[in-house]
Amino acid sequence: MVRYAHLIPLFPFAAFAVNILFGRRLRKASALVSIGASFISLAIAAVTFIGNARCGEGSYMVGRWLSFGGISLDFGVTVDPLSCMMLMVVTVVGTLIQIYSIGYMRDDQRFSRFFAYMSLFMGSMLGLLLSDNFVMLYIFWEGVGLCSYLLISFWFERPAAAKAGMKAFITTRIGDTGLLIGILLLFSATKTLYFRDLGNLGINDSLLTVIALLIFCGAVGKSAQFPLHVWLPDAMEGPTPVSALIHAATMVAAGVYLVARTYGLFLAHHSSLIWVAYIGAITAFMAATIATVNNDIKRILAYSTISQLGFMMLALGVGGYDGGTFHLMTHAFFKALLFLCAGSVIHAVHTQDIFKMGGLLGKMKATGWTFIIGALAIAGVPPLSGFWSKDEILSEILREGHPVLFGIAAVTSLLTAFYMFRLIFVVLFGKPRSELHAHESPAVMTVPLGILAAFSIFAGFFRPVEFEPIMMGVSIAISAAGIGTAYVFYILGNKILPAPLRARFSFLYKLISNKYYVDEIYEALIIKPSMRLAGIAAAFDSKVVDGAVNLTAYLSAVSGKLQYWFDLYIVDGIVNMAANITWLCSAVFRRLQTGFVQNYILIAFFGLAIMILIKLTGGQ
Amino acid sequence: MNVAESVKFFLPELILAASAVAVLIGGLFVKKRAVLGAFCLAAILLSILCMPHSYEAAGPLFSNMLLNDTFSEFFKEISLLVIGLVILVSLGYRPFSDEDAGEYYFLLLAAAVAMMVAASSNNLMMIYISLEAISLVSYMLTAFLKRNPFSSEAALKYFLFGALATGVMLYGISFIYGLFGTTDLSAISGAINAGGANSLAAAVALLLVFAGLSFKCALVPFHMWVPDAYQGAPTPITAFLSAGPKAIGFAILVRVFLKNFFPMFTGWADIAQVVAIITMTAGNIIAINQEDIKRMLGYSSIAQAGYILIGFVVGTSLGIQAIMYYLLAYVLMNIGAFGCVVLVSNSIKSDHIEEYSGLSKREPVLAFMLTVFLLSLAGIPPLAGFFGKFLVFAAAIQSKYYMLAVAGVINSVLAVFYYVKVVKFMYLNEPHTMVREPKPLSVKLALVIAFIGVLAAGLFPVPFLRWIGSSLL
Amino acid sequence: MPFPLLSSVIFLPLLAGLLILFVPKDRTGLIKGIATAATGITLLLAVAAVLGFDYNEAAMQFVEKVSWIPQVNINYHLGIDGISIGLVFLTALLGFLACIGSYGIKERQKEYYFLYLLLNTGMLGTFLSLDLFLFYVFWEIVLVPMYFLIGIWGGPRREYAAIKFFIYTLAGSVFMLLSILALYFTSSPHTFNMLELASSGSGLAKGLQIMVFIGFYLGFAIKVPVFPFHTWLPDAHVEAPTPISVLLAGVLLKMGGYGFFRISYPILKDAAVYFALPFAVLGLINIVYGAFVAMAQTDFKKMVAYSSVSHMGFVMLGLASMTVTGFNGALLQMFNHGVITGGMFLLVGVLYDRAHTRDLGKFGGLGTKMPVYSGVLIVFTLASLGLPGLSGFVSEFMSLMGGFISFRLITIISVLGIVITAGYFLYMIQRVLLGPLNNTWAGIADINKRELFTLVPLMAVVIAIGVYPLLILNYQSVAITELIRNIGGLFL
Amino acid sequence: MMNGLIRQLSDIVSNYGLPRDFVVQASFYVIAGLACVFAFGVVAMRNIFHCAVSLALCLFCIAGVYLFLNAEFLAVVQILIYVGAIVTLFIFAIMLTSNIEDRSIRQANRQVLVSAAVAAAILSFFIFIIIGAPWKTAAEGTATAPGLEDIGRALMSAYALPFEFISLILLAALVGAIVIGKAKKQ
Amino acid sequence: MIPQNHFLILGAVLFAMGLYGALTRRTAIGILMSIELILNAANINLITFNKFIGGPDGLGQVFALFVMAIAAASAVIGLVLVIAVYRNMKTIFTEKMNILKW
């Protein structure tokens, strides 16, 4: 077993430190620092990958992190096929996207800051993949979330970007809270937090289910599954390489990775897996429908990502571990490719509305063709990588006996092919719909596109494929139907057919184009009430809690005549009642001191008489 | 011990009495109050020096009229401390003239003698006479600003209230005489311990005596004279009133009730407890509203008396130690505070608290000292006032008077309001004027003594506690 | 006699303060120099204590014991153990940094530095005393300079805030005094020695323990502050000058928590068990309620102040759990909160010095003008909202873990507080740093070297503990283990 | 003188069959009653001059009561000090401070009713207590009143200290009265 | 023989009268006169007890003698104070002596 995997995340972290501290002096060189670090990580990851294949899997301890009162927590790394595969994907895609970013971010003021964040992300993501326990995973999990936040609001001068970053962070954090509770519950029930122990925990099923579902909450947030998917489309406010790396290829896949990593927990009881499956299915379908009506090139891809992640969840949920993880890998390549192509297009035309583009294939050859390759891959056209993984998922769903889910998956596949080619046809073909001065991007951008395209084509062959002719046929048919429909709608019928359809199903269209009103519902049910609750709490705090015990302040603040006091008493009302009563005492007692000496004597003797009376009655 | 044998143990008092007469006569010829004051201080020092000698054969003096013991020695020394500090403060008090200085110092020394006699009185008759002596001298000193209506009014009110209070006490003493056939405390104590005192008449007589002493100690409901008298009296005399008679009043309370009448007193503890709680609460609550610093300190001294009374209610050895320590601390901090008031009023001609605005900028050292004295009165560690409160509450807790202790601490929080109010004006507000007056050396000296005393008694209470411990009854 | 290290730590600031009193008022440079040197040497002495500290030893170290008032068995008794060492270091560190942060104070500097140093003495003494009487004395000494520091150098409503702080905390502490006395008189032989009381204190009847516990609770809870005694805190923080806010949040609040660790729990075990559930509920209220109120604030400083209320809730929760995890978490949370919130207040001060407003609604887009400031602010914000990898996470996680073992439902609701915390902190970041630049601040300058100097050490601590918590856990864990064993808590 | 008078009166009443004590008793009650009446005059009359005169008469009656208590010396001192000195002083003071019209205006303030109630309550308390109290009494017949000589000797021995001390008080009062009383015009 | 209690009751009545007067008289001199009544009440008690207790040294009578002396001294002081107030405030009515209050 190889024992240097823990070095993989260190280089990007070092690059982050260098860039954040000396970024201003390094300027463009900071890109080289980051890319260099990624490349070293890639190299080590490759060695690990090969070593793993040769020496077998396992995990080893790196260092002690917590230790107190007989309790300790050691951090270690897991090296197994899943982590090795993901390490390779992340390092490869990450390195390529960073190279691409040199071109994309060329003119940005905060160039070095961008690469610093990218390195931080790389480090965190790699750490996440290598974690061998929940705490370590949670740490890096939040770390990638932070990078996501920082990079989404990288152009923070844009209010939308600032808001989107916050939305992403908080939405995922809601899921993370579930994860955290799950971790706490797991620890309190089993005293272990290591993944390697998940297989035989020896606790009852219902508790196990609860833990699994809580952990799944984290995955739902991170992988933008329904109902926490709302942040991902907004996250497209970030620079496109970020969208490609974080919000398509790697970070959002972490949720799927988490489920896969803790699969033992889910397998222990079937009810938790069903949840995963249905959440995945709903997400996949819902996002796909939204993607069909959206006009923003990046958002279409974002919904597509959500949909594909749902697909993976669905696969895992029905027990298709292999298919799910396989799709995780292939998706990383082709979705990164698609985003980078989209970025290249945006870079060229400075708009994201697809209906302002058109006919770009002619002007942007490299971008255009790689775009098409990506689209074919995602649509599931053989022999590109997407075909193999998607096909495997579909067959696994059917094999496990879930006809309803299979139906949803099939429809989703159809929709996927449709909206992808809607995009392709509208953007690359036809005539330009507005005045565009499109030009091909520089080589630093197109070369990574090429490499990714190659991966998108060939990644399907990284593992042996089982041929199931019938199933394959079905898959191909679905893809073809989707592409064909898109062709009919957007090439042949160009804008003739969609309009009547839209009118015919106006309610449906409205529902879908408004993203099922999920954001609005959250706004009304969660955000506004909690803001109002905060306001109420603040008012309660300053008026009631403070007021009731405000006797002190009141006494010291007010001094003066009885009249004045009376006014205040009337005006201030009930809240300061306690204070006022004391104040009244003070004023009244003070008035006892009339200055009239016989009053004094009278009071003294009155008191004396009372004392004697007490003694008389008490004594007998 | 008869007269002839007693005289040599009476030397400190005799020295002071002789000096008093000497000052009175000297005042006719020497019209410099500084000289007369210095002479008085010298007499006081001499008296203090003679004191240990007079305790070598402590015991009953003058046919048992007096009992010279370490307890009385403690209070005699406190009395001399008070008078000494008051003389120092008086020397720097602007409204006093040189004209009547001889009479003034004569009266102060007479008060010293009266207090010393009162502290060692072992006979109710002697207690009555010496208390009347203290009172009469106090009335006159209060009225010493002859042309000042405040001073005269204060004195008359004080007088009317006081005369009545002592009349009531006298009436009570006459009952005790009727019940026991004697006014000698030791004899009465013997009779009580023999079990002959369970009558209602005895209880009421005791209450009347308590009332008379309450007047001296300013306990509710016999406190009403305090604010008026304190505000109207010349400030050095206010300092004297707040410290001297009160200390002696408590000394006599302890001697009469806790030493000699203890079996009878136990029945009164509940009422004394209520009196303590009402006293401190009333003093504190009313003080919050005051605008005149002397009046405010008057109410504060009422409240302080309430705390001291806690030690009395508890009545244990620790309680008595607490009373003694508290009184010592109280004398230092209260006279210190009034000394500061004297200096401030010398320059701004006002005792209004608002006029203290920005004192820290005008007179930083003075403001600092006044702050320390006020914080000590408020019971903030590590100052003497805190340790006094600590002992008082400790005594209460030790004897399981939890209610009393809780009332005490709540009150000490209330009290912070008005003490800190003065501090607030001094430090947080801007000065109205930047007038700086030269400060008389004598007052500075008094302040330094009080300041060092307050710090030392708070930080290093050991010698003080040892002193008190060896002075217990 | 060995070198009296702890006495030096306590009294060096006081001596320097007295020295300052004799320096002419206008020699401000010298005054600052003395103050800085004194706090700096104090910090070095504290570091020396840390280096010389043997963390495998649960007993008190560097003990100094001199009879003070033998008549009532009061001793001048100092010592340091795993529970106090972190807080002493924190106090010395913040004392030094806030002293440098005080250079911005331009008025009445002589008085300021005198009071500041007196405050330092009080705080350090509180953490180092092992005699209840001595503890109380130092505890109260803190009040007076604090009153002046808020009242003289504070904001517009400083008088109100200062008196409120004073009265509130005094009201709590006088009840503590009664409890101290009750402990003294119920122990035999009568003693104020915390260690002896802890080893023999179980003799108290439960009913009495509960009364005594409540007395201490009032004292400590007001300092922490625990709902509903927290209302002094926002006022005091908002009005206090920046360095004083730093100490207020960084150190003073810890005095309350420390009291629970040092006095309430070890001495009053049965009562501690009795009050575990109420403590947990109060912790929950602090966390969630504090977070909600913070969310509604428009004043930057007030928001941070309420966040303190929320964060200190974790201390309560950890304590309530009576587990080794929870206790370690609670103690660590105190340290971390001190560092993080101290830094937050320094950052608020940096902004206020430039903008003269703290209204969150009036900023916007400062990220472009103040990149370094933004970076630092973001780090502290993230630490504050419990981002893993930074120190706040470790202690919150441990507190929650402990809480979860004992109070499952309460802890789950508390975890939701974390989401709200993230919400208001990010909302703050958005309103201050992000978005288009508000043109009012076009000329605003970035953080300067001196300010950065005060923040970098804190940031280093935040990151170091976040990455490698054993750095500090090693120091405290043996003492906590001993404490848990002593009170019969859970080793979970 | 008075004893002789009473003895003669006693002889007379005994002739009428009444007990010999009757005269003594009757005269005591008459004198005591008069003392009360005059005392009431002091506190209730409108003209302050009349009050002072009433006070003098009251004190005179009290001196008479002292005779029944075998305290002839004190009766004499009572008349000398109180009637002779103190009441005269009061009258001087009244003349110095009051205008003619002031002397006969309303003399009672607004708290008459409360005061009467308090005074009555305290009186009834005291009477209740006095009746029930176990006063110390000497065995029958052994009680001897001190003669003038006894008092004089006591003053010089057992009570020497208070006696001397009172001289200091009187000196102080004198000095104080002079200082406060003499006020130069400013 | 006249019973002891009757003397004492006379004393109590005088005490009560004096108290009533002290509480209700409008002038300071009136109050002073009332106070004299109270002192006399105490004196009657002292002398009565002296008679019934006996004793060689005549404590009660001596005490009463001292009381008279002190009463004289205090009357002097009281009247001087009345005169001082009259001089400064031109009044002898207690309800007008209220520049010191509250």
Side-chain angles (χ1 to χ4, degrees), chain A residues 20 63-71 109-110 113 124 135 138-143 145-146 149-150 153 156-159 161-163 165-166 169-170 173-174 176-177 180-181 183-185 187-188 191 530-531 533-542 545-546 548-550 552-553 556-557, chain C residues 160 163-164 167-168 171 227-231 289 292-293 295-297 324-325 328 365 367-368 371 375 378 382 387-389 393-394 397-398 400-401 404-405 408 411-412 415-416 418-420 422-424 426-427 429-430 433-437 468-470 473-474 476-477 480-481 484 491-492:
Chain A
I20 202 82
R64 176 150 291 187
W65 193 66
L66 275 184
S67 165
F68 52 84
I71 295 170
Q109 281 187 324
R110 290 188 287 271
R113 187 65 73 88
S124 303
V135 175
Y138 187 78
I139 290 174
F140 290 116
W141 181 270
E142 291 284 319
L146 165 69
Y149 166 74
L150 291 172
S153 26
F156 58 77
E157 295 89 340
R158 307 211 300 238
K163 224 173 247 174
M166 191 170 132
F169 196 93
I170 292 173
R173 203 151 223 246
I174 291 170
D176 296 350
T177 306
L180 185 59
I181 296 172
I183 294 172
L184 293 172
L185 192 56
F187 181 75
S188 71
K191 317 289 175 259
S530 60
M531 288 306 249
L533 193 58
I536 292 168
F540 177 74
D541 200 69
S542 63
V545 182
D546 203 18
V549 282
N550 216 347
T552 56
S556 66
Chain C
Y160 171 78
I163 189 76
K164 193 170 180 180
I167 298 285
Y168 238 116
F227 178 91
F229 304 123
H230 63 281
T231 54
Y289 180 84
F292 265 121
V293 179
M295 190 148 113
Q297 300 307 321
V324 73
T325 318
N328 270 300
T368 46
I378 287 172
L382 294 172
L387 190 86
F393 166 74
V394 184
F397 180 74
M398 285 164 66
L400 288 172
M401 191 109 103
F404 203 85
I405 291 161
R408 206 162 265 184
T411 310
I412 288 175
V415 175
L416 299 180
I418 294 181
V419 179
I420 308 165
Y424 66 78
L426 293 182
Y427 190 38
I429 289 281
Q430 189 196 328
L433 299 181
L434 312 184
L437 179 68
Y468 192 60
L470 279 181
L473 276 177
N474 274 341
Q476 66 181 47
S477 66
I480 295 277
T481 304
I484 288 284
F491 277 94
L492 279 175

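For clarity, every value in this text was computed on a predicted model and none was experimentally measured. Computed over heavy atoms, backbone and side chain alike; hydrogens, waters and symmetry mates excluded. Labels below follow one simple rule: chain letters A, B, ... track the order of the sequence lines, proteins then strands, and each chain is numbered from 1.
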Looking only at A:L146, A:I174, A:V135, most heavy-atom pairs under 4.5 Å shared with chain C are made by A:L146
A:S188 to C:I405 - nearest heavy-atom pair and separation:
CB-CG1, 4.1 Å
Distance-minimising heavy-atom pair for C:P469 and A:W65:
CD-NE1, 3.2 Å
Which one, C:L470, C:V419, C:T481, leads in non-hydrogen pairs under 4.5 Å with chain A?
C:L470
Residue selection (most heavy-atom pairs with chain A, distance under 4.5 Å) from C:L426, C:L416, C:V324, C:I378:
C:L426
Note: vs chain A, highest number of non-hydrogen pairs under 4.5 angstrom among C:F292, C:F491, C:F397 is C:F292
Does any backbone or side-chain atom of C:Q476 lie under 4.5 Å from a heavy atom of chain A? Answer side chain, backbone, both or neither.
neither
Return the option, out of C:G375, C:A171, C:G367, with the maximum number of heavy-atom pairs under 4.5 Å with chain A.
C:G367
Chain A contact via C:L437 - side chain, backbone, both or neither, heavy atoms under 4.5 Å
neither
Relative to chain C, which segment of A:L180 carries a heavy atom at a distance below 4.5 Å: side chain, backbone, both, or neither?
side chain
Picking from A:S67, A:G165, A:G145, A:P159, which has the most non-hydrogen pairs under 4.5 angstrom with chain C?
A:S67
Which atom names give the shortest non-hydrogen contact between A:M166 and C:G423, and what distance separates them?
CE-O, 4.1 Å
C:R408 meets the salt bridge (charged side-chain N to carboxylate O under 4.0 Å, His left out) criterion, sequence neighbours left out, with none
If you count heavy-atom pairs under 4.5 Å with chain C, which of A:R113, A:Q109, A:R64 comes out on top?
A:R64
Scan A:W141, A:F140, A:Y138 and name whichever one has a ring pair (Phe, Tyr, Trp, His ring centres under 6.0 Å) with C:F393.
A:Y138
Interface moiety of C:Y427 toward chain A, non-hydrogen atoms closer than 4.5 Å
both
Which answer fits C:L382, side chain, backbone, both or neither, if we ask what part of it has an atom under 4.5 Å from a heavy atom of chain A?
side chain
Using salt bridge (charged side-chain N to carboxylate O under 4.0 Å, His left out) as the criterion, list what pairs up with A:R110, not counting sequence neighbours.
A:E157
How many angstroms lie between atom CG of A:D176 and atom CD1 of C:I418, to the nearest 0.5 angstrom?
10.0 Å
By a 4.5 Å heavy-atom criterion (distance strictly below it), what part of C:I429 contacts chain A: side chain, backbone, both, or neither?
side chain
Please classify the contact between A:I181 and chain C as side chain, backbone, both or neither, with a heavy-atom cut-off of under 4.5 Å.
both
Does the side chain to side chain contact (heavy atoms under 4.5 Å, CB included) test come out yes or no for A:I71 and C:N328, once each step is laid out?
CA-CA 11 Å; A:I71 295 170; C:N328 270 300; over 6 Å; no
Tell me, for A:I20 versus chain C, whether the close heavy atoms (under 4.5 Å) come from the side chain, the backbone, both or neither.
neither
Side chains of A:L66 and C:M398, heavy atoms from C-beta outward: is any pair under 4.5 Å?
yes
Looking only at non-hydrogen atoms, find the nearest pair between C:L434 and A:S153 and report the distance.
CD1-CB, 4.3 Å
Stepwise side chain to side chain contact (heavy atoms under 4.5 Å, CB included) check, C:I480 with A:F68:
CA-CA 8 Å; C:I480 295 277; A:F68 52 84; over 6 Å; no
